[in-house]
Each structure stands twice: as C-alpha cells, then as structure tokens.
Amino acid sequence: MNSDTIFGFGFTLWKQKYIQAFLGGETQIVNFVWTYTQAVNKGVNKNSNIINWGQRAIDEAYKTARQFDIPLGRVEDGFIRSVGLGSDLTPPLSLVVDKTGIYYDPTQPSDLESLLETYAFTDELIMRAANIRKMLLENAVSKYNVGKKLVSNLVQNQAGQRIILIPGQVEDDASIQKGCVDIKTNAELIQQVRLTNPSAYLVYKPHPDVISGNRIGKVDRSITDQYCDLVLEDSSITDCLDIADEVHTMTSLVGFEGLLRHKKVVCYGIPFYANWGLTEDRHTVDRRTRRLTLDELVAATLILYPRYMNWETGAFTTPEFAIETLRKQIDALGGKPINKISWLHRQVRKMKHFYKGVFAKP
C-alpha cells in the first residue's frame with residue numbers, strides 16, 4: 001500500500017485484526033467503515049487507500065473511490081486457506097489483494113488474469129510451482145481441509161464406467177453471480193451433467209458451507225436421487241478427487257484442484273482457471289488468449305497472486321510454509337475435522353474463533 005491510511009469497507013468485526021496484520025501490521029492505520037459517509041467522517045482523502053471485502057459494501061467502496069479518484073483494492077480469501085471453514089470464522093492463512101478486479105469475476109480483468117495472460121514465467125518459478133503441486137497432493141491439502149476420510153466401497157461404479165465428480169457451490173456466492181451465464185444452481189448443474197453424460201457414474205459433493213448450514217445451495221433429494229449415483233456430504237474433497245475421472249463444475253475451486261491431479265475438468269461457468277487451454281469450456285472470455293501449462297497456472301495462482309501469513313511471527317511467508325502448517329494442524333487433530341456437527345457445537349466453534357479474531361492475538 002502507498003499510504004499509511006487505509007479505508008477498509010465491508011470487513012466484519014472478527015476479520016479486522018487479521019486484515020490489519022495482512023496489510024502491514026501496526027505500521028499502517030486501517031479505518032474500518034461500511035459507508036461513504038463514515039469514510040468521509042474519518043478523513044478519507046485522495047492520498048488514502050481503499051480496500052473492500054468481497055461484495056460487501058462494494059457500492060459504497062466504489063462511490064468513495066470515484067469521489068476521491070482512488071484505486072480500489074479487492075480483498076478475498078486465498079486458495080490455501082485453513083483447517084476449517086471461513087463461514088465458521090476460522091482465520092485465513094492466505095488472502096489476495098487485487099487492484100484491478102477480483103479473480104472470480106470474469107466480466108472484468110483482474111490481477112490474476114493479467115498474470116496468467118502476460119507474466120514471463122521463469123524455469124525456477126515453474127520448478128517451484130511443480131514442487132508446490134506435489135506438496136499439496138502428498139499432504140492431501142485443499143482450501144478448507146474438512147471432511148472425514150472417504151470409504152472407497154461407497155463408490156460402486158461398473159467396470160470402465162467414468163466417475164464424474166460434481167462439486168456443489170454456495171448459490172448466492174459472488175463467483176456464481178459473476179461467473180455463470182446459463183447454469184447458476186447446483187440442481188441445474190447436476191441435471192446438465194447427467195443429460196450430457198447419460199452413462200457416467202455421477203458423484204455429487206455438496207459444498208461444506210452448505211452442509212454446515214451456514215450458506216444456501218441445498219439440492220432437493222428428489223433431484224439427487226434421480227440424477228446422481230452417489231452423494232458424499234461430509235467426505236474430504238481430496239478423497240473425492242482421488243476417485244474421480246473428471247470434474248464438472250460451474251466455477252468451483254475444486255476444478256482447479258482437479259487440474260492439479262491431471263483430471264479432465266469441464267467448466268459450465270467461467271472460473272479463473274478456464275479458457276487457458278487446460279479445461280473444456282462452455283463459455284469463453286476473449287481477453288484470455290494465452291495457452292498455459294499446468295505449472296504456469298499454479299505459479300500465478302498460488303505463488304504470485306496471494307499473500308501468506310505466519311501467525312506465530314506475524315510476518316508474511318510462503319505457500320510452502322502454509323501447506324506445511326496445514327499438514328501439522330491436520331496431524332495434530334488426528335485427521336481433517338468432520339463438517340457435519342450439531343448446531344450448538346458449531347456455534348461454540350464460531351464463538352471461539354470470534355473471540356480469537358477480536359480479542360486475542362492472531
């Protein structure tokens with residue numbers, strides 16, 4: 001950031017301490033606001049910086065940016081995040097700060113898209129990306145790292161029958177609103193995949209935030225009974241990917257994680273990893289003209305674009321350190337935590353994370 005004063009729009013109370021650390025600790029002042037008026041009252045001016053969390057307060061953030069002719073930085077979770085869900089207030093190990101757009105919105109350019117389209121990847125960087133990909137697979141690390149181990153005998157496909165994994169998504173998520181054209185719900189996706197793959201074995205994996213009850217996107221059982229062969233509600237997504245031949249998705253990060261495993265990935269929306277020659281795409285973005293290798297995609301997405309935090313030291317760190325941290329946390333828990341828990345248990349978990357985020361040291 002170029003200024004000692006930052007105005008952060010749309011950051012809930014539990015996020016604020018973590019965001020302060022990600023943006024440079026105590027060396028910079030962050031004023032957390034929700035409206036243009038609040039920003040003005042706190043002294044925003046042309047020398048300030050403005051950031052915004054996701055889609056929250058986005059109109060007010062844009063209004064302030066336009067009024068003072070200030071660029072707007074968009075902040076979101078990174079792709080190697082935590083053991084536990086963000087919707088359970090689990091602190092993140094990585095964030096992105098995008099000064100052009102945001103990675104999940106293909107209607108406009110983003111810093112990630114620019115990296116993918118123009119960056120001159122070195123041999124050293126590609127080798128590092130390949131090593132990170134290897135670390136992710138060897139340690140079965142994903143974005144949230146929840147769900148019990150998949151019992152393989154649940155999958156009962158016939159010999160030679162393709163297994164297609166359909167990852168569910170949060171249906172009011174911005175990546176669906178911005179990145180989908182014609183298919184915008186989990187039920188529509190399931191039906192379309194079955195229509196175009198009548199003989200395949202379809203495995204549906206609901207989104208963990210939906211299973212938790214924190215977000216919307218539940219598919220009626222009549223749909224899954226009719227079109228799917230298997231529904232895996234609380235299995236680890238890395239286990240689900242291991243048994244799949246293909247991933248069919250709207251815009252889920254699971255598609256990217258499928259590419260890491262050299263799975264065929266079919267995109268029904270326009271995620272950040274689509275249109276680079278690595279996926280089968282239903283829709284296209286004319287700006288994306290480059291053909292990438294898998295490790296070039298990994299280098300931009302996991303090394304160049306996000307920033308990672310070591311919460312023990314309060315210093316920025318590397319994706320390699322983040323993966324190792326998650327591995328140690330998973331080992332300490334005796335495996336990935338289950339996601340289907342009681343309402344009371346979940347509220348207690350949230351309160352612990354809220355207390356840590358607001359009152360305790362990160």
With hydrophobic residues grouped by side-chain heavy-atom distances under 4.5 Å, do V141 and I237 end up in a single group?
yes
Other cluster members, F321 - Ile/Leu/Val/Met/Phe/Trp/Tyr, side-chain contacts below 4.5 Å:
none
Judged by atom type as modelled, is there a donor-acceptor pair below 3.5 Å linking the side chain of D98 to the main-chain atoms of V75?
no
Taking only residues two or more places apart in sequence, or in another chain, which ones meet Q177 in a side-chain contact (heavy atoms from CB on, under 4.5 Å)?
D172
Going by an N to O cut-off under 4.0 Å, is there a salt bridge joining D59 and K63?
no
Centroid separation under 6.0 Å, is that true for the rings of Y18 and W311?
yes
Considering only NZ, NE, NH1 and NH2 on the basic side and carboxylate oxygens on the acidic side, decide whether D182 and R282 come within less than 4.0 Å.
yes
Do the side chain of R194 and the main chain of Y227 share a donor and acceptor less than 3.5 angstrom apart?
yes
Salt bridge check: are K263 and E257 linked by an N-O gap of less than 4.0 Å?
no
Quick note, ring-ring contact (aromatic ring centres under 6.0 Å, His included) partners involving residues 279-308, not counting sequence neighbours, are none
Who passes side-chain contact (heavy atoms from CB on, under 4.5 Å) against N197, sequence neighbours left out?
R162, I164, V193, A200, H248, Y268
Contact check, side chains of V97 and R307, non-hydrogen atoms, under 4.5 Å
yes
Under the rule for side-chain hydrogen bond (donor to acceptor under 3.5 Å, both in side chains), what residues qualify as partners of S94, not counting sequence neighbours?
none
Take atom NZ in K134; do more than 12 heavy atoms of anything else shown fall under 6.0 Å from it?
no
To which residues is L195 joined in a hydrophobic cluster, defined by side-chain heavy-atom contacts under 4.5 Å among Ile, Leu, Val, Met, Phe, Trp and Tyr, whether direct or through other members?
none
Listed partners of Q161 passing side-chain contact (heavy atoms from CB on, under 4.5 Å), at least two apart
N157, Q158, Y201
is_close_aromatic(F32, F9), centroid dist under 6.0 Å
no
For the ring pair F272 and F79, is the centre-to-centre distance below 6.0 Å?
yes
R287 and E113 ion-paired at < 4.0 Å:
yes
Determine, for D295 against R133, whether the closest basic-nitrogen to carboxylate-oxygen distance falls under 4.0 angstrom.
yes
Check salt bridge (Lys or Arg N to Asp or Glu O under 4.0 Å) between E280 and all other residues, then give those that pass, not counting sequence neighbours.
K264
Report yes or no: does T313 contribute a side-chain atom to a donor-acceptor pair with the main-chain N or O of A315 at less than 3.5 Å?
yes
Using salt bridge (Lys or Arg N to Asp or Glu O under 4.0 Å) as the criterion, list what pairs up with R221, not counting sequence neighbours.
D225
Minimum side-chain heavy-atom gap V254-L241 below 4.5 Å:
yes
According to the interplanar angle, ranging from 0 to 90°, do the rings of F316 and F22 count as parallel (below 30°), tilted (30 to 60°) or perpendicular (above 60°)?
tilted
Could you list who else is in V181's hydrophobic cluster, with ILVMFWY side chains joined at under 4.5 Å, directly or through other members?
I270, V285
Quick one: salt bridge (Lys or Arg N to Asp or Glu O under 4.0 Å) partners of D123, sequence neighbours excluded?
none
For Y36, is there any backbone N or O sitting under 3.5 Å from a side-chain donor or acceptor partner on E60?
yes
Could you tell me which residues satisfy side-chain contact (heavy atoms from CB on, under 4.5 Å) with S222, sequence neighbours excluded, listed by chain and number?
D220
